[in-house]
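Step one of this worksheet: look at the structure below.
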Amino acid sequence: MPSAEELDATDPLRAKRQQFHLPPGTIYLDGNSLGPMPLAARERAREVVEQQWAADLITSWNQHAWIDLPETVGEKIAPLLGAGPGQVICCDSISVNLFKLLAAALRLNPGRNRILSQQDNFPTDLYVSQGLSQLLGHENCELVTVAKNEIESALGEDIAVLLLTQVNFRSGYAHDIQRMTELAHAKGILVVWDLAHSAGVMPLELDRWNVDFAVGCGYKYLNGGPGAPAFLYAAKTHQGELHQPIAGWMGHQNPFAFDSEYQASGDIKQFLAGTPPILSMSVLDAALSVYSDIAIDDVREKSLGLADFFALRVAQAPELSSLKLASPLDHDQRGGQLAYEHDHAYAICQALIAEGVIADFRSPNILRFGFSPLYLSYQDIAVATARLGKILATEQFLQPEFNRKNKVT
Ligand SMILES: *Cc1c(COP(=O)(O)O)cnc(C)c1O
């Protein structure tokens with residue numbers, strides 16, 4: 001294995017780090033949860049607040065094209081998803097976008113009422129399905145969940161929609177989107193993919209894989225800032241036949257005609273509901289510029305490289321033998337993160353943060369490390385694993401201050 005210095009010297013993305021603000025002394029292994037701040041994002045925030053809003057006021061909707069931002073940002077995200085034009089829009093949160101898409105997909109597949117998902121899917125995906133089921137009645141919408149290895153056999157002709165998250169938020173296991181989509185389509189099932197832990201780190205080919213619908217996050221690998229709006233993908237082939245239930249004025253064919261009858265826009269804008277959050281959407285727009293001159297394959301390769309380097313150092317350190325890897329090491333089966341189980345995962349995570357290495361904890365016993373390759377170096381990984389080793393060797397995580405639970409973990 002080459003040294004961290006050697007790996008950094010040949011890293012094609014090493015200069016990208018300069019486009020981020022990273023607090024000195026911090027090694028950030030949590031960009032899969034909240035990406036750090038691109039310098040361009042801060043600049044845009046200032047411009048939007050101090051110039052556009054403060055000085056240009058309402059004229060900014062036209063003058064600074066605020067009204068087009070959901071589409072502009074959607075089109076910037078599209079290449080990262082392998083999506084051609086007119087199919088991605090930036091709006092709302094994943095939760096709200098799932099509600100819109102699941103309702104639309106159920107209507108598109110009449111005679112079937114089931115949404116099939118995975119037991120350990122991200123909870124919001126399951127909650128939104130349960131909420132929709134309560135609203136529509138079980139005869140029209142029923143959520144069925146199975147374990148990961150039972151999905152294929154559950155793909156029957158009673159299923160209307162397959163709802164899966166590509167990269168599991170705990171284990172980092174990654175589904176083969178193309179394969180699962182093909183299997184679902186063979187049974188007449190529509191697919192909705194949650195790309196929260198994929199967009200910006202996994203190479204995606206939604207058009208080529210014939211994906212029907214997808215959603216994803218703006219604030220994780222895309223670095224759009226806390227609570228950044230999400231995105232939604234709807235394949236062009238379906239756009240003429242959809243009915244999404246949050247029929248708001250921004251999704252109308254002609255919002256400024258102020259008609260009293262709703263007429264959905266015929267294109268991807270039909271998924272808009274209310275006024276876009278211009279401050280946060282502008283910041284996400286600027287943040288996406290860091291992707292403008294890099295190849296997603298390089299991003300993926302480095303993310304895997306950083307994680308492999310991390311896993312190897314953990315495996316070779318006797319003081320880290322109590323950490324149990326809970327992610328697949330096979331590149332075809334994993335996303336951009338690694339999970340380790342430990343009975344004291346929460347306290348270890350807190351002790352690590354106190355040492356300047358930010359990772360996160362996922363209940364009940366998972367220590368999660370994200371390898372966002374735009375600003376991390378192999379040296380960072382070497383330092384992080386050394387600090388982790390020291391914390392475990394000295395058992396400093398047992399101190400009471402590291403064992404008090406915070407509201408957000
Ligand atoms: C982070 C995350 C979400 C977040 O949903 P929001 O409604 O945008 O808060 C959804 N799904 C998955 C898989 C996630 O990891």
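Both ligands and their constituent atoms are indexed starting at 1 by order of listing. All residue numbers in this chain count up from 1 along the given sequence.
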- Any chance you could lay out the salt bridge (charged side-chain N to carboxylate O under 4.0 Å, His left out) test for Glu355 and Lys390, step after step, and finish with the verdict? CA-CA 10 Å; Glu355 294 277 333; Lys390 184 186 130 224; 3.1 Å; yes
Quick one: table the atom pairs, ligand 1 N or O against protein N or O, below 3.5 Å, distance rounded to 0.1 Å.
| unit_1 | atom_1 | unit_2 | atom_2 | d |
| --- | --- | --- | --- | --- |
| ligand 1 | 7 (O) | Ile94 | N | 3.4 |
| ligand 1 | 7 (O) | Ser95 | N | 2.8 |
| ligand 1 | 7 (O) | Ser95 | OG | 2.5 |
| ligand 1 | 8 (O) | Ile94 | N | 3.0 |
| ligand 1 | 9 (O) | Tyr219 | OH | 3.4 |
| ligand 1 | 11 (N) | Asp194 | OD2 | 2.8 |
| ligand 1 | 15 (O) | His197 | NE2 | 3.0 |
| ligand 1 | 15 (O) | Lys220 | NZ | 2.6 |

- Task: Report yes if the side chains of His252 and Gln263 come closer than 4.5 Å at any heavy-atom pair, otherwise no.
- Result: yes
- Message: Contact between Met202 and Arg300 at the side-chain level, heavy atoms closer than 4.5 Å - yes or no?
- Response: yes
- Determine, using ring centers only, whether Tyr233 and Trp193 are less than 6.0 Å apart. no
- Mind checking salt bridge (Lys or Arg N to Asp or Glu O under 4.0 Å) for Asp259 and listing every partner two or more places apart, or none if nothing turns up? none
- Message: Quick one, Gln118 and Thr145 - any side-chain contact, counting heavy atoms below 4.5 Å?
- Response: no
